[in-house]
Protein chains: 2
Amino acid sequence: MRSAVRELRQANGLSQEALARALGVSRQTINAIETGRYDPSLRLAVHLARHFGRTVEEMFDVDTE
Amino acid sequence: MRSAVRELRQANGLSQEALARALGVSRQTINAIETGRYDPSLRLAVHLARHFGRTVEEMFDVDTE
DNA sequence: GCTTTACGGAAAGCCTGCTTGACACGAGGG
DNA sequence: CCCTCGTGTCAAGCAGGCTTTCCGTAAAGC
């Protein structure tokens with residue numbers, strides 16, 4: 001699933017680790033989502049969207065791959 | 001996680017099975033989401049929200065239980 | 001009574017989300 | 001040179017999403 005996590009994270013000057021800590025997940029989880037290895041859970045997706053002031057639908061493209 | 005699936009499904013006069021077929025999942029999956037036994041995946045959550053013309057954030061309350 | 005429809009839920013199994021811990025690499029700074 | 005930082009990825013393990021199959025129950029219609 002394509003997502004805007006990487007772009008938004010970088011635009012905010014955050015490392016994967018910093019974002020992970022802010023959301024209470026592991027760095028590997030953020031990395032896996034950014035590299036498309038797996039999709040976040042609904043709960044994490046909502047937290048990610050909130051963190052960047054976006055909606056879930058804006059942030060995650062459910063229709064890709 | 002609390003959700004508005006049951007209310008919206010009933011408001012649209014759909015059975016759990018009819019909704020399940022419309023979304024390509026099993027009836028038990030819809031039942032489990034409505035009864036709170038587990039949370040939907042991000043993909044299914046987006047499909048459910050779309051089906052009822054809502055946003056994910058309107059449809060699912062990530063902050064409960 | 002019998003049948004159908006709708007719902008709740010259990011069991012087993014598969015795949016995926018997430019964890020910790022570890023290793024490797026490149027870029028940059030001293 | 002070395003050290004640190006940021007990233008990519010692997011392995012093992014646990015929890016949870018989803019499937020199929022199955023059983024129980026209650027309401028509604030004939």
Side-chain angles (χ1 to χ4, degrees):
Chain A
M1 180 185 305
R2 283 209 17 260
S3 88
V5 174
R6 171 157 294 171
E7 299 88 293
L8 289 169
R9 174 179 64 78
Q10 290 176 338
N12 281 60
L14 294 170
S15 66
Q16 293 181 344
E17 174 140 35
L19 178 56
R21 264 188 281 101
L23 294 170
V25 296
S26 70
R27 177 183 71 86
Q28 285 83 342
T29 294
I30 299 298
N31 185 289
I33 292 165
E34 287 190 357
T35 56
R37 286 214 305 289
Y38 55 69
D39 303 332
S41 64
L42 174 54
R43 186 165 256 114
L44 179 52
V46 171
H47 288 329
L48 275 162
R50 271 185 199 162
H51 190 85
F52 293 113
R54 305 298 160 95
T55 66
V56 168
E57 284 86 347
E58 284 167 354
M59 191 121 184
F60 299 95
D61 183 2
V62 162
D63 301 313
T64 50
E65 116 216 33
Chain B
M1 179 184 306
R2 284 210 17 260
S3 90
V5 174
R6 172 156 295 171
E7 300 88 292
L8 289 170
R9 174 179 63 79
Q10 289 176 339
N12 281 61
L14 293 170
S15 67
Q16 293 181 342
E17 173 139 35
L19 178 56
R21 263 188 280 101
L23 294 170
V25 296
S26 70
R27 177 182 70 85
Q28 284 82 345
T29 292
I30 299 297
N31 186 294
I33 292 165
E34 287 190 358
T35 56
R37 287 213 304 289
Y38 56 73
D39 303 331
S41 64
L42 174 55
R43 187 165 253 114
L44 179 52
V46 171
H47 288 329
L48 275 162
R50 269 185 201 163
H51 190 84
F52 293 113
R54 305 296 159 98
T55 66
V56 167
E57 284 86 349
E58 284 167 354
M59 191 121 186
F60 299 96
D61 183 3
V62 161
D63 301 313
T64 51
E65 120 216 32

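Everything quoted here is computed from the prediction, not taken from an experiment. Throughout, protein chains are lettered first and strands after them, A, B, ... in sequence-line order, and every chain is numbered starting at 1.
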Nucleotide N/O to protein N/O under 3.5 Å, stretch nucleotides 26-30 of chain C:
none

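- In this structure, a donor-acceptor pair under 3.5 Å is absent between the side chains of Arg43(A) and Ser41(A).
- Using a 4.5 Å heavy-atom cutoff, the side chains of Thr55(A) and Thr55(B) are not in contact.
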Per-pair distances, 0.1 Å, donor-acceptor, side chain in residues 18-30 of chain A, under 3.5 Å, sequence neighbours excluded:
{"unit_1": "Ser26(A)", "atom_1": "OG", "unit_2": "Thr29(A)", "atom_2": "N", "d": "3.3"}
{"unit_1": "Ser26(A)", "atom_1": "OG", "unit_2": "Thr29(A)", "atom_2": "OG1", "d": "3.0"}

Fill in the blank from the handout: Letter by letter from the 5' end, nucleotides 16-21 of chain C scores (B base, S sugar-phosphate only, - none; protein heavy atoms under 4.0 Å) -SBBBB
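- Within residues 51-65 of chain A, no residue places a heavy atom under 4.0 Å from DNA chain C.
- In this structure, the separation between CZ on Arg9(B) and OG on Ser3(B) is 10.5 Å, given to the nearest 0.5 Å.
- In plain terms, the two heavy atoms of Gln16(A) and Asn31(A) that are nearest each other are OE1-ND2, 3.1 Å.
- Annotation: proximity of residues 1-18 of chain B to DNA chain C (heavy atom, distance under 4.0 Å) is found for Arg6(B), Arg9(B), Ser15(B), Gln16(B), numbered in ascending order.
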Exercise for the section: Please test Met1(A) against Val46(B) for side chain to side chain contact (heavy atoms under 4.5 Å, CB included), starting from the C-alpha separation and ending with a verdict. Expected result: CA-CA 12 Å; Met1(A) 180 185 305; Val46(B) 171; over 6 Å; no
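- Heavy atoms only, all atoms of each residue included: Phe60(A) and Pro40(A) are closest at CE2-CG, 3.7 Å.
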Handout entry: Audit row: Leu8(A), Glu58(A), side chain to side chain contact (heavy atoms under 4.5 Å, CB included) steps and yes/no
Key = CA-CA 12 Å; Leu8(A) 289 169; Glu58(A) 284 167 354; over 6 Å; no
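- Atoms CG (Leu19(B)) and C1' (dA6(C)) sit 14 Å apart, rounded to a whole Å.
- Listed by chain and residue number, Glu34(A) satisfy the salt bridge (Lys or Arg N to Asp or Glu O under 4.0 Å) test with Arg6(A) (two or more places apart in sequence, or in another chain).
- The heavy-atom pair separating Phe52(A) from Met59(A) by the smallest distance is CD1-CE, 3.4 Å.
- Asn31(B) places its CG atom 13 Å from the C1' atom of dG24(D), with the value rounded to the nearest Å.
- Nearest approach of His47(B) to Asp63(A), heavy atoms of both residues: CE1-OD1, 4.2 Å.
- Judged by distance alone, with hydrogens and angles left aside, the side-chain atoms of Glu57(B) form a donor-acceptor pair with the main-chain N or O of Val56(A) at under 3.5 Å.
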